[in-house]
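In what follows, a single structure is set out as structure tokens and then discussed.
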Amino acid sequence: MTLKELKPGDRARVTRINCQGALKRRIMDMGVTKGVELLVRKLAPLGDPMEINLRGYELTIRKQECEAIEVEMIERKGKRS
């Protein structure tokens with residue numbers, strides 16, 4: 001599953017960053033690395049970007065970057081419509 005598939009309130013752990021080069025370096029420089037736990041805080045009205053909480057700070061990340069981040073679900077508390 002990828003970060004893009006999560007909903008607000010969901011908790012997950014990063015298992016893999018599935019890209020290379022500059023995009024992978026950018027994602028890792030933002031603190032998204034294998035094993036880090038994150039919480040999806042909210043989504044923009046059209047779903048892009050996504051705001052997540054990790055390592056004690058808020059990060060806003062685009063859909064393109066979310067698609068490259070594979071995660072495993074820890075806890076699902078997101079609202080369903």
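Sequential numbering from 1 along the given sequence is applied to the chain's residues.
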**Report entry** Check: Asp10 side chain, Val40 main-chain N or O, donor-acceptor pair, under 3.5 Å
**Finding:** no
Report summary line: CD1 of Ile17 to NZ of Lys24, rounded to nearest 0.5 Å, is 6.0 Å
Query raised in the report: Tell me, do Leu3 and Val32 make a side-chain contact under 4.5 Å, heavy atoms counted?
Result: no
Requested in this report: For Arg62, enumerate each residue passing the salt bridge (charged side-chain N to carboxylate O under 4.0 Å, His left out) test, keeping only those at least two apart in sequence or located in another chain.
Outcome: Glu65
Query - Shortest non-hydrogen contact from Pro8 toward Lys42 - result: CG-CA, 4.1 Å
Query raised in the report: When you measure from the side chain of Arg41 to the backbone N and O of Glu58, does any donor-acceptor pair fall under 3.5 Å?
Result: no
Report summary line: Scanning both residues in full, the closest heavy-atom pair of Gly35 with Arg13 reads O-CG, 3.6 Å
**Report entry** Close side-chain approach of Cys66 and Thr2, heavy atoms under 4.5 Å
**Finding:** no
Query raised in the report: Taking atom CE of Met1 and atom OG1 of Thr15, what is their separation to the nearest 0.5 Å?
Result: 10.5 Å
Query raised in the report: Does Arg76 reach the side chain of Leu6, with side-chain heavy atoms less than 4.5 Å apart?
Result: yes
Query raised in the report: Only one of Asn53, Ile61, Ile74, Ile52 forms a side chain to side chain contact (heavy atoms under 4.5 Å, CB included) with Leu38, so which one is it?
Result: Ile52
Query raised in the report: Shortest non-hydrogen contact from Cys19 to Ile27?
Result: SG-CD1, 4.1 Å
Report task. Hey, could you give me the NZ/NZ distance between Lys63 and Lys4, rounded to the nearest 0.5 Å? Result -> 5.5 Å
Query raised in the report: So with a 6.0 Å cut-off around CD of Gln20, is the heavy-atom count from everything else above 12?
Result: no
